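Note that the coordinates shown come from a computational prediction; the quantities given were computed from them, not determined experimentally. Atoms within each ligand, like the ligands themselves, are counted from 1 in listed order.
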Amino acid sequence: MKIKTIGVLTSGGDAPGMNAAIRAVTRAGISNGFKIKGIFRGYDGLINNEIKDFTTENVSGIINRGGTILRTARSSEFETPEGRKKAYENMRSNNIDALVVIGGNGSLTGAKIFAEEYDVCCIGLPGTIDNDLYGTDSTIGYDTTLNTIVECVDRIRDTAVSHERIFFVEVMGRDAGFLAQNSAIASGAEAAIIPEDSTDVDQLARFMERGIRKSKRSCIVIVSESPKCGALYYADRVHKEFPDYNVRVSILGHLQRGGSPSAHDRILASRTGVGAIEAIMQGQRNLMVGVRNNEIVYVPFLDAIRSDKPFDKKLITVLDELSI
Ligand code: F6P
């Protein structure tokens with residue numbers, strides 16, 4: 001089937017650079033003779049027929065804007081066969097032949113299931129602050145969020161030093177420690193507590209044993225979010241185990257997802273958006289477009305959503321050696 005019309009949607013948690021990706025898909029698509037349709041509110045919009053023709057003007061002035069002009073959602077209906085059937089029927093009735101999905105792990109898992117079930121062309125772009133998609137060095141939004149965290153930690157450092165406190169700063173990342181480990185290195189934090197570090201090691205005990213307060217009167221520990229062992233859990237333990245320490249917690253939360261995308265994320269979004277249209281023209285389908293070693297790569301969905309994206313354990317040594 002010749003692809004004439006491409007639908008584009010953003011799904012899951014918004015990430016800075018998603019707008020740059022929407023712009024790139026729209027403009028590269030139109031430049032190459034495709035019709036583009038914007039689908040609002042992620043997969044929910046496909047199910048509820050919230051679809052609009054896009055021209056180049058629809059994506060004017062958005063490359064610098066955070067969030068997503070298409071809005072986004074975590075669709076529970078799309079997880080059901082009935083929901084996907086409605087989505088497929090709306091694709092057909094809107095003459096959409098291919099779908100570009102900009103989102104993270106859950107969104108690309110949805111695209112994979114949909115593509116298998118209905119034999120439609122789906123192309124993914126890695127849109128998530130978590131950087132947890134396999135096969136691409138970075139994801140759209142990760143670099144901006146990393147910089148946002150570093151800016152926040154720089155500010156927290158001022159008050160931590162002034163009061164001589166230990167701060168536990170909790171950052172996002174779902175089940176991945178890329179944001180925590182790299183923001184700790186970049187902000188000169190004293191430690192990071194991340195899911196990738198060995199689970200049989202008590203990371204807090206190891207940190208305290210290093211005698212951090214012998215050389216420093218204040219310190220910052222970046223903690224990866226976790227339902228059970230987040231920043232509050234570690235602060236509570238320090239309260240109980242080292243009552244003379246002055247401890248505070250700062251949970252950065254959703255401010256990490258907002259803001260104007262960095263140049264790196266705008267370029268990544270632009271390159272992968274153009275790559276998505278090229279993939280469609282080459283007859284490729286059901287893969288994510290990424291960038292590895294500065295080259296565009298096409299990663300099958302099955303690989304992209306693997307949960308074991310390599311984490312460079314040497315980063316743990318870098319932080320340990322530099323935080324004495
Ligand atoms: O996947 C992006 C992310 O920001 C994660 O880091 C975080 O765990 C989650 O989304 C938060 O989701 P929500 O905004 O739905 O609470």
Any N/O of Met172 closer than 3.5 Å to an N/O of ligand 1?
no
For atom 7 (C) of ligand 1, which protein heavy atom lies nearest, and how many Å away is it?
Glu225 OE2, 3.3 Å
Tell me: protein heavy atom nearest atom 6 (O) of ligand 1, and distance?
Asp130 OD1, 2.7 Å
Pairwise distance OG1(Thr272) to CG(Leu268) - rounded to 0.5 angstrom
5.0 Å
Going by heavy atoms, is Arg74 under 4.0 Å from ligand 1?
yes
Is a salt bridge present between Arg92 and Asp97, judged by a nitrogen-to-oxygen distance below 4.0 Å?
yes
Atom 3 (C) of ligand 1 [closest protein heavy-atom partner, distance rounded to 0.1 Å]
Arg257 NH1, 3.5 Å
Do the charged groups of Asp119 and Arg285 touch, with an N to O distance under 4.0 Å?
yes
Counting only heavy atoms, which portion of Gln256 has something under 4.0 Å from ligand 1: side chain, backbone, both, or neither?
neither
Contact between Gly104 and ligand 1, counting heavy atoms under 4.0 Å?
no
Salt-bridge contact Asp137-Arg292 (side-chain N to carboxylate O under 4.0 Å):
no
Please determine if Lys86 forms a cation-pi arrangement with Phe78, meaning its NZ or CZ atom is less than 6.0 Å from the six-membered ring centre and no more than 45° off the ring axis.
no
Report yes or no: do Asp320 and Thr317 form a side-chain donor-acceptor pair below 3.5 Å?
no
Quick note on ligand 1: atoms under 4.0 Å from a heavy atom of Ile129 include exactly 4 (O)
Under 3.5 Å, side chain of Thr145 to main-chain N/O of Tyr142, donor-acceptor pair present?
no
Nearest neighbour in protein (non-hydrogen) for atom 16 (O) of ligand 1
His254 NE2, 3.4 Å
